[in-house]
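Please read the structure below before turning to the comments.
Numbers restart at 1 for each chain; the letters A, B, ... are given by sequence-line order, proteins then strands.
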Amino acid sequence: MRACESTGHRCGRRLGSLLSLVMLAMLFAALAWGCLTGGAPSSGLGQSVDAALHDSGVESRVTAVLLNYRAYDTLLECFVLFLGVVVVWSLRPYRPQHPDPPIGSILASLVRFLIPLMVLVGGYLLWAGSNQAGGAFQAGAILGGAGVLLLLASSPLLHVLPKVLLPGAICLGPLFFLVVAVGAMVLGGVFLGYRRETAAIVIVVLEAVAAGAIGLSLAALFRGSRPEETSSAQARTDALTQEEGQE
Amino acid sequence: MIFSPGHVYGLTGLLLFIVGLAGLILCAQLLRKILAVNIMASGVFLFLVTIAHGNGVLIDPVPHAMVLTGIVVSVSSTAVALALAGRVQDMAHCRDLLKKKARGEG
């Protein structure tokens, strides 16, 4: 009886997956039909962006969109990243990991060679963002990669840095962006509406801070749990663990 | 209807989206579901970049900026999903241990 039921169950599941595959194929056919017969593509907002480019303070069109015309997108995105770090840290508290295995001398020297190079490339991309491809996200991604490399090699550099640096820098990104946005509103009346004369310098500073915060947040997300805590918080966690142990 | 390289990119983006959607529906494991959502996101990004190319004369920078923003958002959502999946696994492990303990004592 039970075997029969399980066979029926399996049959039903197979039928269900077959049905969903057929529906997905139909969805693809419909979307592909729309894509192929969708008429002439419009030129989008390219002309409007070009027309206002000399007011934006930068020469790169994508950077102009990201940090001037649609800067609130970038502002909200900084907050999304910040929120991601907060959620990950709340869900996965600090756990003392098993002692780091000793890393090979090749990896150690590779890290020593690569980290300054990555910081340099990140800085160049940040600077290049104002007139060609590049910008805060690309620089942040490179810096995040450098952080991941440091974490994987369990570099002694990680233990030298002060412990408040990481949360502080991750908070600084969105906060600084918000301060600039509100400051622009107080001075000019428009949220995130920079003045034409100061736009260039504001964008470069904003990008530098955002790139640092993005890189650190990405590395923190890669680590996946809260970093080592300060002594008082650590003591509280220890007390909690002890209570749980007694229960 | 003229079949252009843009159509190839657009159709590839659609195909990636559908493959990801299939993975999301058909795979039971959480990690596979997270990977499937990432594949769907890649399909959407490819499609958006194709749209940005438009007629090829004047490239629209707005979808490019949206894709850049979207990549960072998808990284953070993946990290949150992975943290949640890890939590689910921890709790399942805990429950199994409790069950084993109860069985051992009973």
Side-chain angles (χ1 to χ4, degrees), chain A residues 16-17 20-21 23-25 27-28 31-32 34-38 40-50 60-67 69-70 73-74 76-78 80-85 87-92 133 135-138 140-141 144 214 217-218 220-222 224-225, chain B residues 1-4 6-28 43 47-48 50-88 90:
Chain A
S17 41
S20 43
L21 276 181
M23 286 177 78
L24 285 170
L27 180 63
F28 176 68
L31 288 175
C35 175
L36 288 173
T37 60
S42 68
S43 59
L45 293 168
Q47 280 171 341
S48 327
V49 169
D50 276 357
S60 163
R61 302 157 82 224
V62 176
T63 308
V65 172
L66 273 175
L67 283 144
Y69 310 145
R70 289 181 66 92
D73 265 10
T74 312
L76 289 177
E77 180 250 310
C78 275
V80 166
L81 202 58
F82 174 69
L83 209 62
V85 175
V87 171
V88 168
W89 282 2
S90 318
L91 282 174
R92 300 189 71 77
F137 294 124
Q138 290 88 334
I214 289 171
S217 306
L218 290 178
L221 288 178
F222 175 81
S225 62
Chain B
M1 185 184 76
I2 307 152
F3 198 77
S4 66
H7 285 128
V8 179
Y9 294 129
L11 287 179
T12 311
L14 284 182
L15 194 65
L16 279 175
F17 180 80
I18 295 289
V19 167
L21 194 58
L24 184 65
I25 296 170
L26 297 176
C27 293
F47 195 76
L48 271 177
T50 312
I51 287 178
H53 193 258
N55 49 15
V57 180
L58 192 63
I59 294 167
D60 188 0
V62 177
H64 277 269
M66 280 162 75
V67 168
L68 272 175
T69 309
I71 288 171
V72 175
V73 170
S74 96
V75 167
S76 8
S77 61
T78 304
V80 168
L82 283 173
L84 280 171
R87 194 63 184 245
V88 167
D90 284 355

Legend entry - Interface moiety of Ser60(A) toward chain B, non-hydrogen atoms closer than 4.5 Å: neither
Inset, instruction - Evaluate the criterion side-chain contact (heavy atoms from CB on, under 4.5 Å) for residue pair Leu16(B) and Phe47(B); output intermediate values, then yes/no. - result: CA-CA 10 Å; Leu16(B) 279 175; Phe47(B) 195 76; over 6 Å; no
Inset, instruction - Please report the shortest heavy-atom distance between Leu81(A) and Leu221(A), naming the atom on each side. - result: CD1-CD1, 4.1 Å
Inset, instruction - State whether the side chain of Arg70(A) and the backbone N or O of Val65(A) hold a donor-acceptor pair below 3.5 Å, judged by distance alone. - result: no
Inset, instruction - Identify the heavy atoms of Val80(B) and Gly84(A) that sit nearest to each other, and give their distance. - result: CG2-CA, 3.8 Å
Legend entry - Interchain contact, Leu21(A) with chain B, by part (heavy-atom threshold 4.5 Å): side chain
Inset, instruction - Can you tell which part of Leu82(B) gets under 4.5 Å to a heavy atom of chain A, answering side chain, backbone, both or neither? - result: neither
Inset, instruction - Among the options Val75(B), Thr78(B), Leu21(B), Ile18(B), pick out the one with the most heavy-atom pairs lying under 4.5 Å from chain A. - result: Ile18(B)
Inset, instruction - Mind checking the OG-CG spacing from Ser90(A) to Leu83(A)? Nearest 0.5 Å is all I need. - result: 9.0 Å
Inset, instruction - Name the region of Arg61(A), side chain, backbone, both or neither, that has any atom closer than 4.5 Å to a heavy atom of chain B. - result: both
Inset, instruction - Could you tell me which of Val19(B), Ile71(B), Leu68(B), Val73(B) has the largest number of non-hydrogen atom pairs under 4.5 Å with chain A? - result: Leu68(B)
Legend entry - Donor-acceptor under 3.5 Å (Thr74(A) side chain, Leu66(A) main chain): yes
Legend entry - Test log, rule side-chain contact (heavy atoms from CB on, under 4.5 Å), inputs Arg92(A) and Asp90(B): CA-CA 10 Å; Arg92(A) 300 189 71 77; Asp90(B) 284 355; 3.8 Å; yes
Legend entry - Which portion of Leu11(B) sits near chain A, non-hydrogen atoms under 4.5 angstrom: both
Inset, instruction - With side-chain contact (heavy atoms from CB on, under 4.5 Å) as the test, would you mind laying out the steps for Val80(A) and Val72(B) before giving the verdict? - result: CA-CA 9 Å; Val80(A) 166; Val72(B) 175; over 6 Å; no
Legend entry - Proximity breakdown for Val62(A) and chain B, heavy-atom pairs closer than 4.5 Å: both
Inset, instruction - For chain B, find which of Val87(A), Ile214(A), Leu24(A) contributes the most heavy-atom pairs closer than 4.5 angstrom. - result: Leu24(A)
Inset, instruction - Counting only heavy atoms closer than 4.5 Å, note whether Leu76(A) contacts chain B via side chain, backbone, both or neither. - result: neither
Inset, instruction - Enter the distance from Asp60(B):CG to Ile51(B):CD1 here, rounded to the nearest 0.5 Å. - result: 9.5 Å
Legend entry - Side chain / backbone / both / neither for Leu15(B) at chain A, heavy atoms under 4.5 Å: both
Legend entry - Portion of Ser20(A) that has a non-hydrogen atom of chain B nearer than 4.5 angstrom: side chain
Legend entry - Proximal component of Val88(A), with respect to chain B [non-hydrogen, under 4.5 Å]: both
Inset, instruction - With a 4.5 angstrom heavy-atom cut-off, could you sort out which part of Phe28(A) is near chain B: side chain, backbone, both or neither? - result: both
